[in-house]
Structure formats: C-alpha cells, structure tokens
Amino acid sequence: MGILSQEDSDYLKKELEKITNNVIIEFFSTDNKDKCEQCDNIRAIMKEIMDLTDKVSLKEFNIDKDKEKAEKYNIKMAPVLIFNNKDNGNIKFYGVPSGYEFSSLIEDIMDIGTGNIEFDEGVEEKIKAIDEDVNIMVFVTPTCPYCPAAVRTAHKFAMINPKIKADMIESYEFPEIADKYKVQGVPRVIINEKDGFEGALEQEKFLEKIIENL
Amino acid sequence: MILNLDKNKKTVSDNYDAVIIGGGPAGLTAAIYLGRARIKTLVIEEMIPGGQAATTVRLENYPGFPEGIGGAELGSLMEKQAKNFGADIIYDNVIDVDFKNEEKIIKLNKREIRSKIVIIASGAKPRKMHVPGAEEFEGKGISYCATCDGPLFRDKNIAIIGGGNSAIEEAIFLLRFVKSIIIVQDLPKLTAEKILEERLIKHKNVKLTFNNKILSINGEKEIKSISVEKTNSKKKMDIPAEGIFIYIGYIPNTDYLKGHIELDKFNYVKTNENLETNIKGVFAAGDVCKKTLRQVATAVGDGAIAAFMATKYLENEGG
C-alpha cells in the first residue's frame, strides 16, 4: 500500500494532469548510512508522485561518486532533491519533504510543470531585476505549519531568477548546519550567509530582506 | 511518515450569503451547519484547517476519540466535512472589514468579498511575554510553538513558563526530544487538568517550581537562565535553561476588527448568548469571543449556535 490515502492520491492525480512541461528532478543520496536514513522515504515519496504522472522524472546520483555534478549544482550535503529543468539546480530540498513540506514539493512541481507561478502585485518584476547572486536557506521541521509559506516564497523567487538559489533544509536531519546557523525556531531564513529572520513573511517583505542583504 | 497535502487550490466567487473568518473548530462547524442549510458559504483561513488546535500534538478531551486525535488531523477532517456540504475554503488574510452597510465587505490581500452575513471565528494566538530578553531571544531559544520547534531542542535542558493545559501537554510532547524540563509557574499550583499533571510528574527529568514572577531572560548569544522573584518571600533567584517555551495564555485575533465592532477591554468580541455582536448580521464564535472556557469542545458548540442564528437571520431578513 502507498503512503498517500486514496483520497489524496485521487486529488493529486487530477492536479498532476494539468502539467504541460516535463519536470526534471534529481536526487543525490550518499554512501553515509547515518545521513541516508531518510533516503528510502524520499524515494518512496517520489515513487508515489511518479506513479500518478509520467510528466515528472527522477534521476538518482550519489554525492560521493558523482562529485563533479554535485559540485556543479553547489550541493553541500545529502540527501537532497533538486529541480533541474534549466540545468541550474537552484531549487533544492535538503532532507525529506514530508509532513507539511510535502505540499511545498507538490506546489513546486505544479508551478514548474504548468508555468503558472503566482506572485503578489509588483513582486515578480523586482525579483527578475536582481542581478546578483542570492543564496537563501529556509530551515524547517516537517511538523511546522508555518514553514511551507517561507519555503514556497523562496523557491518561487528562484524559479524566475536563476541567480537566486533557494534551499529548504530539514533541521532535524541536518543538526550540524542547523546549529551553525543557530536555528531554534522555524521557519528560519538565512540570506547570503548573513542576516536571518524567523517566520513566514509576505513576498514583498521577503524581497525587502533579500535586498537589505545583497 | 506523514504527508500533509494541501488540497485547496480552487478559485472562489466574490459574493456569498455567509462568510466565516477563521477555519478552526468554531468556523468549520459553522460551515458544516450553514452548508447543510444550503447557504452559500465561504471560510477564510489564514494558515491551516483546525486553527490553533492544529498545532496541538494530541487532543484527548474532545469526545468521540477515546484514544485521542492529532489536532491537525481533526482540523482536516472538519474541513473535509464542511466541504462535503458545499462550503468553499480559501487561504488568505483578512486585512480589513466594512460592516457599515447591510452588505458586509471583507477585504483580503488582493480582493474583496461581499456577504450578507459574517461569522467571526478568527480565534486567538499565544500571548507573548514582555520582560527584558523575551523579545531578543524569540526564535533564538524562546518558542511559542512546541510542535514546530520542539525537534530543535534535542538534548537541551529547557524551561516551560506556564502551568495550564497547553504548558503541560506541550511539556509531555517535548520530553521526546529534550534532556530535562523545569516548569516555571507563577501560581502555587498547576492549573492544568489533573490527568496531565499525573502524567508529567511520572518523568524523572521533570521539575516544577511555583510562585515565580519572571523578571528577565538572560544570556549573551544563547539563553542561559531565567531570573525570577518569589512572590511570597520576594527572594530573587536564577533558573538555568538552554531553551524556553512560553504558554501564558492567549490574545484574540481581532486587530482587523477594531473600530468596526464592539470588543471588550481585552479585545475579545462581545456577544449576547445567541452569539450576536452589536452589528446586525455579524456573529462571533469560538476563542475570539468573550467567554469562560476556550476549548475545541466549546468552540464547536459556538459554531453551531452562530450558524443557526445566522440561518434564522437570513430567513427573516429576506436574505
């Protein structure tokens, strides 16, 4: 039996039918068994989705063996899922996108697969105009209902500007990095290794924080 | 492994017979009753179905679930039930309202919705602590949501400020992650249900301290301690803690209602026993109301009454 309920799976199938562009997702696992505790769960989640549509594809790599590729996409650790439609790999999920983050994964797939990405008024133009490298890290836990809003805003920004790199990081799976950035409340957002803020901000305010930290 | 799938992507109309502000137990119950009365109903929820209850790990005092039920799960079941009877649900913030005319206007981020009646069920949120250090350390060691942030306090020695149901329920949840807990209460006893207290004190790594007035939260980069004054002896002391969860009550989500409807001095919505507000056609239900007990069980009752009165109002006023 699958992980999704019949109802969720029926709903998802209908949603995924709206996809017009193929969505290319790549998965980097690792030989380190402790780190890869969630790898099977990630594979299982992706299988659930791919059983419902042929528009989403998954290729698996290994961070320890496919070093060159990992470096190209600036992959720091594994397991990680990256959206790679534009051979840029700037949209990432570090750790398992379970709990509330499952919705973030699905909504990302729908945005990229349909090309309909919704923005608040005036935000899209300003994001597209940013001509500097921006690294956004969004720390989450799967039980945090406020977190997907922050993840989705960061990922949407990355979808329309290749200079923006947006990572979801599951704090419980990556305690060293969560500690390094002093994550004690989620969502916590770090921009360009510098300043951070807690909480899910509206797109406009999120954008202001990016500009402050350029 | 749990996968929470958000299934609300549909667009909604701009005109309704009934708009419910808030998708917690009160709002969703009202939606079930209004839906069954065949009244065109919209629920506007800010975050997730179930409202505050959805951030509760397990509800054990809501009847019908002898083994208890997860707050988020109960919320999504209520949402499903409301939708089964035809209610629409959108996820958006109410920024402002206009109740001056018979037709009520609800202003959202990017649109306005018009409705004949409104049920206010926007609930309450955790009360913030106002002592030196509390603001600086929020999100940096101080949390108001154990479900969200609990996993980040693995193997830490933490303090919980408060002694009511929320404080003790969340303490029991946090014991999965943390090394030890001290409950810092201002009164001479806990106010939580006895069954929760019994369950808590069974754990060897739990301590309780009473009669504490919180003076400050201290630390440099990280939290080190809480300074308290004993309410009886006035003696001052420091309680060591590496993280703090605060459960000192709630404040109503009524900022958007100020000047539009009568609130009490604590900003809760004033209603009569039929949950009518001072504005005709506007009702209130659940935690947002001035009331004695704020629980899922009482919110559900409010939702039913408000929906019943709203239905009668629509019939009598000719809708």
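If you're wondering where the values come from, they're calculated on a predicted model, not measured in any experiment. Quick note on labels: first sequence line is chain A, next is B, and so on, each numbered from 1.
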Quiz prompt | Largest heavy-atom contact set with chain B, pairs under 4.5 Å, which of Glu101(A), Glu121(A), Glu7(A) | solution = Glu7(A)
Quiz item: With only heavy atoms counted, which part of Glu46(B) is less than 4.5 Å from chain A, the side chain, the backbone, both or neither?
Solution: neither
Quiz item: Are any of the side-chain heavy atoms of Val296(B) and Met78(B) separated by less than 4.5 Å?
Solution: yes
Practice problem: Determine, using ring centers only, whether Phe153(B) and Phe177(B) are less than 6.0 Å apart. | Solution: no
Quiz item: Between Phe197(A) and chain B, which part of the residue has a heavy atom less than 4.5 Å away: side chain, backbone, both or neither?
Solution: neither
Quiz item: Below 4.0 angstrom, N of the basic side chain to O of the carboxylate: do Lys182(A) and Asp179(A) qualify?
Solution: no
Quiz item: Which word best sums up how the rings of Phe83(A) and Phe93(A) line up, parallel for under 30°, tilted for 30 to 60°, or perpendicular for over 60°?
Solution: tilted
Quiz item: Does the separation of the ring centres of Phe157(A) and Phe206(A) fall below 6.0 angstrom?
Solution: yes
Quiz prompt | chain A contact via Thr147(B) - side chain, backbone, both or neither, heavy atoms under 4.5 Å | solution = both
Quiz item: Out of Arg154(B), Lys80(B), Met47(B), which one racks up the most heavy-atom pairs below 4.5 Å with chain A?
Solution: Arg154(B)
Quiz prompt | Proximity breakdown for Gln184(A) and chain B, heavy-atom pairs closer than 4.5 Å | solution = both
Quiz item: Going by an N to O cut-off under 4.0 Å, is there a salt bridge joining Arg199(B) and Glu60(B)?
Solution: yes
Practice problem: May I ask you to decide whether Asp10(A) forms a salt bridge with Lys13(A), counting only side-chain N to carboxylate O separations under 4.0 Å? | Solution: no
Practice problem: Please look at Asp120(A) and chain B and tell me whether the side chain, the backbone, both or neither of the residue comes under 4.5 angstrom of a heavy atom of that chain. | Solution: both
Practice problem: Flag the one option from Cys145(B), Gly141(B), Gly150(B) with the top tally of heavy-atom pairs under 4.5 Å to chain A. | Solution: Gly141(B)
Quiz item: Looking at Ile2(B), Leu152(B), Asp149(B), Leu3(B), which one has more heavy-atom pairs under 4.5 Å with chain A than the rest?
Solution: Leu3(B)
Quiz item: Is it the backbone or the side chain of Pro148(A) that comes under 4.5 Å from a heavy atom of chain B, or both, or neither?
Solution: neither
Exercise. Could you tell me which portion of Val140(A) (side chain, backbone, both or neither) has an atom closer than 4.5 angstrom to a non-hydrogen atom of chain B?
Key: neither
Quiz item: Most heavy-atom pairs under 4.5 angstrom with chain B, which of Glu202(A), Glu198(A), Met110(A)?
Solution: Glu198(A)
Self-check item: Lys140(B) and Glu222(B) ion-paired at < 4.0 Å
Solution: no
